[in-house]
Amino acid sequence: MNFDDTPEEAAFRAKVRAWIDANAPKHLETELRRAAFASSGVVSEDPVVASKAWQKKKAAAGYACLNWPKEYGGGGFSPIERVIWSQEEGPYASLSSLFGIGHGMCGPTVMTWASEEQKRRLLPPLVSGEEVWCQLFSEPASGSDLAGLRTRAEKAADGSGDWIINGQKIWTSGAHRSDWGLLITRTDPDLPKHKGLTMFFLSMKSPGIEIRPIKQANGDANFNEVYFTDVRIPDAQRLGAVNQGWEVSLTTLMNERLSIGSGMPTGFPELFNFCLEAEIDGRPAIEDSRVRSRLATYAVRASGLKYTGMRAITALSKGQIPGPENSIGKLVAGSTMQETAMFALELQGEAGMLTGAAAEFAGRFQAMLLRSPATRIEGGSDEILRNIIAERVLGLPGDIRVDKSVPFRDIPTRGRAD
Amino acid sequence: MNLDFSDDQKLLKDQLRRFLADRCPPATVRAVLEGPAPFDRPLYQGLAELGVLGAAVPEAYGGLGLGRLELCILAEELGRALAPVPVSSSIYLAAEFLLAAGSEAQKSAWLPKLVSAEAVGTFALAERAGRVTPKAIQCRVEGGRLRGVKVPVADGEAADLAVVAARTEPGDGAGGVSLFLVDLGSSGVKREAVDNIDPSRKQAKITFDGVAAEPLGAAGEGWEIVRKVIDRAAVLMAFEQVGGADRALEMGRDYALDRMAFGRQIGSFQGIKHMLADMYVSATLARSNAYYGAWALAAEAAELPVAAATARVSATQAFQHCAKNNIQVHGGMGFTWAFDCHLYYRRSNALALALGSLSEWEDRLVEQLRRQNAAPAAA
Ligand SMILES: Cc1cc2nc3c(=O)[nH]c(=O)nc-3n(C[C@H](O)[C@H](O)[C@H](O)COP(=O)(O)OP(=O)(O)OC[C@H]3O[C@@H](n4cnc5c(N)ncnc54)[C@H](O)[C@@H]3O)c2cc1C
């Protein structure tokens, strides 16, 4: 048991540290460090331009998608080297959040299911940030229950073999600045829900796509509605067989788990620093016993996640495949972030209501408070993650289902008759 | 980086698990819980023969000299089986006190006996209800004679040797507290059993009436040594708690698979599934934090105070959480004497108080984080 680098790892660390020192956009460091959760924090220049510039530099040196094969634009490094990189990248890592969905979900799916030619065309620009991807999965009537989606893909009547897409996606993060999308559709409503789905990728510039931003509860507009009206996709852009889409989507979700060790934010370090500075009745807040009790609870959750991540990396380095137990990360981090933010505001008293420049800590906790509900929903809600732990880790029975073996078109769609 | 035990260490653990499955089934725990025996002597003897007691004690004193990582992984199994033996009192505490502060003569006199189970040691700290602060230590040693009352003392009735914290300077200060070794066979020692929430681990009240006491470590340094040794013991205790939490979770899971209600397994109700998932989460966080503590303990890292408090707080939360919800999963059966749920519930709550309560450790964790934060950044 140790936290030491092997000589090779130490050499790699020294090498990437020197490279980052020589190449990182240092003029942005202060604003990146001050970043509120879920934004890169760059305000002094166009954040998308800043993100793409850093990504391109990293890709050229092999430090983007470190563990992807070199022929697809990756660095060809081991999972451990990837972890070392992310430890060293520090504040600059938030510049890459723009590419998170592409690198974490879309890329691995393309790598598993696309043709060799497609992989060589699509993956390198995805790595380098020249092309941005989005994930077109959720729909108004199907979020947690992804397999309930209704966007249709039908064979074109002209015999070209193309597919014609009609329907609507929703909550698509970054669709408005994406070049490509990973799209799951229904190809056969007469089959049970999981059996009639098919996966495609398509250009977000395709005729018939309309993207409408949705204003989020926290005031940002990062996710969108995406409408498809007779959008044409060549059959060559199908990933997996017709009606094999559910299986393909599982690769996407499984790869999410592989991106372990990245460490979801909990808000604890920020809260701790705040409690060092804030005062209660003229004394440092950190000396108050009630504050201490809360801080300790958050501290052990944050450290528990950190060391759970390190145990997972250890297992990975011994060749074990990460499993559903990694669902714990977002489940714990999401609600902890929400609680730490609320607690920081409480310590600020009435001024806790203020946001922006007038607020304590430049409004960081207020931004966390307003963004954190989303973490508990996106990419698998808290309840879905608990189901996953209960069923796939502990071996408890699945929920009783009424929708599994009936044809999709016969499944009821309204909760209450009106 | 490697945050896991080695294959050899895991072999030791498996070996102890098999041994305990055979020698420490729940009936053994119940025999101590319900009977007058202070602990299960044959089991304790067996653990000595297996090398468990001496795992972290140097060979020069009769131990195996393996290390504290080995002791951690073994502690997990003892916690899982609720072993009704004085390992924590005698090994995590008394032996660690001797190793930390004992003279050569004291170590040679006592460690071989503790390791071979020929003698049992304990640590006598608390004197009354409430947090144990230097002020709360009012037992006194004057002219080499100890006077005062200690309660509760874990395994106090069965122990042969006690490490006792007593005042050598009047007043409230930490600097007036010193440690002593007391042979509990000496005249002037009066012991009474006291009832406690977990009778599978006995507690006693010990009255010292002018008993010969031998200094352990320098005068006035007692409190400092206590903090140091309690940090070490806290990591080991955290492993016992992690073992207990895991077993309570397993029991709940198994019952949820077997028990039917409304025509289906109760484990198919989300109320039960999510409760078990949350137990898994707290048990997992506690295990990871305990590994961090184990690393700090074995490496004698400067951050041991932070790591120990982290491991302790997390393990206390997890064991209490899993043990209480295990009863909930079992319904009425969980509240019977016959089912084993209450054994874990009792132990989880007793361990939560041994070595200082949760709020004390929370306080200590934040204080230590604050110090670590103020210190110039370590390389
Ligand atoms: C900020 C943000 C970004 C997103 N980005 C994307 C994106 O880029 N691409 C994309 O495809 N999607 C995206 N999503 C959508 C996201 O994946 C869904 O919101 C999520 O899966 C939940 O689905 P839903 O919103 O339909 O809620 P529902 O599924 O309707 O859930 C409502 C409530 O019911 C609970 N529930 C549902 N099913 C169960 C069950 N079986 N057991 C217990 N409870 C249950 C849920 O936990 C939740 O509390 C994003 C969402 C957010 C908030």
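Letters go in sequence order (proteins before strands), and every chain restarts at 1.
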Which atom names give the shortest non-hydrogen contact between A:Ala296 and B:Val366, and what distance separates them? N-CG2, 3.9 Å
Name the member of A:Leu305, A:Val300, A:Val393, A:Ile84 that forms the most heavy-atom pairs with chain B at distances under 4.5 Å. A:Val300
Determine, step by step, whether A:Asp399 and B:Lys273 satisfy the side-chain contact (heavy atoms from CB on, under 4.5 Å) criterion, reporting the C-alpha distance in whole Å, the side-chain angles of both residues, the deciding distance to 0.1 Å, and the verdict. CA-CA 10 Å; A:Asp399 283 354; B:Lys273 281 165 81 163; 2.8 Å; yes
What class does the angle between the rings of A:Tyr307 and B:Tyr292 fall in, given that below 30° is parallel, 30 to 60° is tilted and above 60° is perpendicular? parallel
May I ask you to list the residues in residues 236-253 of chain B that approach chain A closer than 4.5 angstrom, counting heavy atoms only, ordered by number? B:Leu249, B:Arg253
State whether A:Arg386 and B:Asp278 are salt-bridged, where the test is any N-O pair (Lys NZ or Arg NE/NH1/NH2 against Asp/Glu carboxylate O) under 4.0 Å. yes
Residues 299-316 of chain B vs chain A, non-hydrogen distance cutoff under 4.5 Å, contacting residues -> B:Thr310, B:Val313, B:Ser314
Distance-minimising heavy-atom pair for B:Ala277 and A:Leu394: N-CD1, 4.1 Å
Residue A:Leu385 versus chain B: region with a heavy atom under 4.5 Å: neither
Is it the side chain or the backbone of B:Leu365 that comes within 4.5 Å of chain A heavy atoms, both, or neither? side chain
A:Glu383 versus chain B, the contacting section by heavy-atom distance below 4.5 Å: both
Set of residues satisfying ring pair (Phe, Tyr, Trp, His ring centres under 6.0 Å) with respect to A:Phe365, sequence neighbours excluded: A:Phe274, A:Phe361
Most chain B-contacting option - heavy-atom pairs closer than 4.5 Å, from A:Val332, A:Ile389, A:Leu396: A:Leu396
What I want to check is whether the side chains of A:Ser303 and B:Asn289 have a donor and an acceptor closer together than 3.5 Å. yes
Donor-acceptor contact present, side-chain A:Thr308 to main-chain B:Leu285, <3.5 Å: no
Anything in residues 260-267 of chain B with a heavy-atom distance to chain A below 4.5 Å? Please list those residues in order. B:Arg264, B:Gln265, B:Gly267
For A:Arg13, look at atom CZ and say whether over 12 heavy atoms of other residues, nucleotides or ligands are found less than 6.0 Å away. yes
Could you tell me which portion of A:Pro284 (side chain, backbone, both or neither) has an atom closer than 4.5 angstrom to a non-hydrogen atom of chain B? side chain
Apply side-chain contact (heavy atoms from CB on, under 4.5 Å) to residues A:Met1 and B:Asp4 and explain how you reach the verdict. CA-CA 6 Å; A:Met1 216 179 249; B:Asp4 194 7; 5.8 Å; no
Write down the atom of B:Ser268, the atom of A:Gly398, and the distance for their closest heavy-atom approach. CB-O, 4.3 Å
Find the distance between OH (B:Tyr280) and OG (A:Ser327) and round it off to the nearest 0.5 Å. 8.5 Å
What part of A:Val291 is in contact with chain B, defined as an atom under 4.5 angstrom from a non-hydrogen atom: side chain, backbone, both or neither? neither
Looking at chain B, which one of A:Pro397, A:Ala390, A:Gly304 has the largest number of heavy-atom pairs inside 4.5 Å, strictly under? A:Pro397
Contact origin within A:Ile328 toward chain B - heavy atom pairs under 4.5 Å: side chain
When rounded to the nearest 0.5 Å, the distance separating CG of A:Asn273 from CG of B:Asn373 is 6.0 Å
How about CD on B:Gln328, more than 12 heavy atoms from neighbouring residues, nucleotides or ligands closer than 6.0 Å, or not? no
B:Asp363 and salt bridge (Lys or Arg N to Asp or Glu O under 4.0 Å): which partner among A:Arg292, A:Arg294, A:Arg290? A:Arg292
Taking atom NZ as the centre, does B:Lys13 end up with more than 12 heavy-atom neighbours from other residues, nucleotides or ligands that are less than 6.0 angstrom away? yes
Less than 4.5 Å to any heavy atom of chain A: does that hold for the side chain of B:Leu369, its backbone, both, or neither? both
Is atom CZ of A:Arg283 surrounded by more than 12 heavy atoms (other residues, nucleotides or ligands) closer than 6.0 Å? no
Quick one: do B:Thr284 and A:Arg311 satisfy side-chain contact (heavy atoms from CB on, under 4.5 Å)? Show the steps, please. CA-CA 11 Å; B:Thr284 301; A:Arg311 286 173 55 214; 4.3 Å; yes
Test log, rule side-chain contact (heavy atoms from CB on, under 4.5 Å), inputs B:Met1 and A:Asp4: CA-CA 5 Å; B:Met1 191 208 66; A:Asp4 310 332; over 6 Å; no
Within the structure provided, determine whether A:Lys318 and B:Asn2 are in side-chain contact (heavy-atom separation under 4.5 Å). yes
Check: B:His274/A:Asp382 side-chain N/O donor and acceptor closer than 3.5 Å: no
Using non-hydrogen atoms and a 4.5 Å limit, figure out which bit of B:Gln317 sits close to chain A: side chain, backbone, both or neither. side chain
Taking atom CZ of B:Arg370 and atom CG of A:Leu295, what is their separation to the nearest 0.5 Å? 11.0 Å
